[in-house]
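One structure below.
Within every chain, numbering begins at 1; the chains are lettered A, B, ... in the order of the sequence lines, protein sequences first and strands thereafter.
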2 protein chains.
Amino acid sequence: MSVNAREAILAEAKHAAQKHGYNGINFRSIASAVGIKNASIYYHFDSKASLGAAVAHRYWQDTAQHLETIRSTSASAGEALKRYPAIFRQSLEDDNRLCLSSFMAAEYEDLPHDVKVEVQAFVDANVAWLNQVLSEKGTGSSEDYKKQALAIYTAVAGAQLIARIHKNTELFDELMVTYQQTGLIPII
Amino acid sequence: MSVNAREAILAEAKHAAQKHGYNGINFRSIASAVGIKNASIYYHFDSKASLGAAVAHRYWQDTAQHLETIRSTSASAGEALKRYPAIFRQSLEDDNRLCLSSFMAAEYEDLPHDVKVEVQAFVDANVAWLNQVLSEKGTGSSEDYKKQALAIYTAVAGAQLIARIHKNTELFDELMVTYQQTGLIPII
DNA sequence: ACCTGAACACCGTTCAAGT
DNA sequence: ACCTGAACACCGTTCAAGT
C-alpha cells in the first residue's frame, strides 16, 4: 500500500505511543493501519523494543532540531526561553497528546534497555539546550544554570502531565505564568 | 492462606501499580502471591477496573491522612510546606517507586472511568492542602495561592518522574532546593 | 525483498462447577 | 461464602512458507 512501509509503521507507532505509551504500541492495529499483517512488521523491526527505540530516537532528534530552530529564530536568549514551553503545549493542543518522554518516564522501569537510552537522550537534549540559553542570558554560575535547566524541564513536563488529565491547555498556560511569576522560569 | 484475601489482593495490586502502573496490575501474578487462582480475584472485585479504583482510592485517602499529620505536627505553615516533598521522596527511596497518581496520569487516557476519578481526587487533595498551607502562611490573594499550589504539586510530581529515571534520590533533593531558591516553593 | 498463516505462551474475563 | 478449571478473544513473537 504505502511507498515505504517502514516509515508508515514508524508514524503509526509514534502516534500510538504518544496516545497510549510504549505499552500501547499494538502490532496488530499498526499493521492494520499500514495495510499489512502484524507478522510483517518483524521484517522491518526486530522486536517491539527496537520499534519503540526507533520511535523514541526520531522523536528526540526532531525535538532537538525544533529547539535549534527556536534558538536561531529568537532575537535573544530570553525570547527563546519564553518560547520553550510551546513545544509541550503543542502536544496538548494536538489531540491531548503527551510528550513521548514523559510518557515513557512513567513506564521507565519496564522499558527495554534500548528505549531507556533514547528517553534519557530526550531529557539530556532539553536540559542542554535550556542550560545554554540560561547561560547566554544570565550572570550566575554555570553550576546554577545546570540545576535550573533541569528544574525548568522537570516542572514543564509535570505541567503537561497535569494539564493533560484535566484536558485543559489553558491550565498549562496558567502554570507557565505561575512558574514565571514565582521566578522558576526567568522572564525576559 | 491469608486471613483476609481481599486485603492481600489490594496490597499486592498497590505494590504492582506503583512499580508498573495500572497496566502492570497482573491478575495471575497477584493471585499467585496471595495464594489463590486468578479467577478467584473476581469474587472480591468485579473487574480490573474496580480493583484499580480501589487501590487508587485507598492510596489518596492514605496520602490525605498523611498530609493532615504533617500539618498537625508542624509548628508553622512554613514548616509543613518544607516537609511536603518528603512524601514523594519516600516513594523513590522505597524501591524507586512512583507516586501512584503520577503513574496513572501518564496512562490517564486509557484508564477506566472509576480509576480516573480517584486519580483526580489525589491531585485535588494535594492541591487543597497546599492551598491551605500557603494561605495560612502568606499575605497574597487567595486566587494566587490556588495557582501556586497547583504549580508546586505539578513541579514536585515532575521532579519525582525525572529523579526516578535517573534512579537518583539526591537529584530529587537538588530539584527541591532549586525550586526553593528560584522562589517557586516559598521558604519558611 | 517483502509478506503471510498458523502456532506459541501470555493476558483479562466468564461461567459452570466444586466445597 | 469462597474458590477452581476450562474456555474465550486478545497480545508479542516465531517460523516455515509463499511471491
Review point. In whole angstrom, what separates B/I41's CD1 from D/dG5's P?
Key: 14 Å
Check your understanding: Any side-chain N or O of A/K48 under 4.0 Å from OP1/OP2 of D/dG12?
Key -> yes
Exercise for review: In whole angstrom, give the distance that lies between atom CG of A/D110 and atom P of D/dC11.
Suggested key: 19 Å
**Study point:** is_close_aromatic(B/F103, B/Y22), centroid dist under 6.0 Å
**Key:** no
Check your understanding: Closest to the A/N26 side chain: D/dT4, C/dG12, D/dC11?
Key -> D/dC11
Check your understanding: How far does the P atom of D/dA17 sit from the matching atom of C/dC2, given to the nearest Å?
Key -> 22 Å
Exercise for review: Nearest-nucleotide wise, let me know which of A/R28 and A/I36 is further upstream toward the 5' end of DNA chain C.
Suggested key: A/I36
**Study point:** B/T182 OG1 to A/L184 CG distance, which is reported to the nearest 0.5 Å
**Key:** 4.5 Å
Check your understanding: Rounded to the Å, how far apart are A/K37 NZ and D/dT14 P?
Key -> 20 Å
Check your understanding: Is there a Watson-Crick or G-U wobble partner for D/dA9 with both distances under 3.5 Å, and which nucleotide is it?
Key -> none
Practice item. Take the protein atom CZ of A/F45 and the nucleotide atom P of D/dT13, then report the distance between them rounded to whole Å. Key: 13 Å
Review point. Under a 3.5 Å cut-off for both distances, is C/dA17 Watson-Crick or wobble paired, and to whom?
Key: none
Revision key, fill the gap. Atom OH of B/Y42 and atom C1' of D/dC8 are separated, to the nearest Å, by 12 Å
Revision key, fill the gap. To the nearest angstrom, the NE2-P distance between A/H44 and C/dC3 comes to 4 Å
Study note, to complete from the structure: B/A39 has its side chain closest, among C/dT13, D/dT14, C/dT14, to C/dT14
Exercise for review: Can you tell me, in whole Å, how much space there is between the C1' of D/dC11 and that of C/dC8?
Suggested key: 12 Å
Review point. If you check the A/S40 side chain, which of C/dT13, C/dT4, D/dG5 turns out closest?
Key: C/dT4
Practice item. May I ask you to say whether B/E136 pairs ionically with B/R71, meaning some side-chain N is under 4.0 Å from a carboxylate O? Key: yes
Exercise for review: Could you state the atom-to-atom distance from CG of A/N38 to P of D/dC10 in whole Å?
Suggested key: 13 Å
Check your understanding: Any Lys/Arg nitrogen of A/E109 or B/R97 sitting under 4.0 Å from an Asp/Glu carboxylate oxygen of the other?
Key -> no
Practice item. Look at the side chain of A/S74 and the backbone N and O of A/S76, then say whether any donor-acceptor pair between them is shorter than 3.5 Å. Key: no
Practice item. Grab the OH-C1' distance between A/Y43 and D/dG12 for me, whole Å please. Key: 21 Å
Review point. Using a cut-off of 4.0 Å on non-hydrogen atoms, how would the nucleic acid contact of B/I25 be classed: base, sugar-phosphate, or nothing?
Key: sugar-phosphate
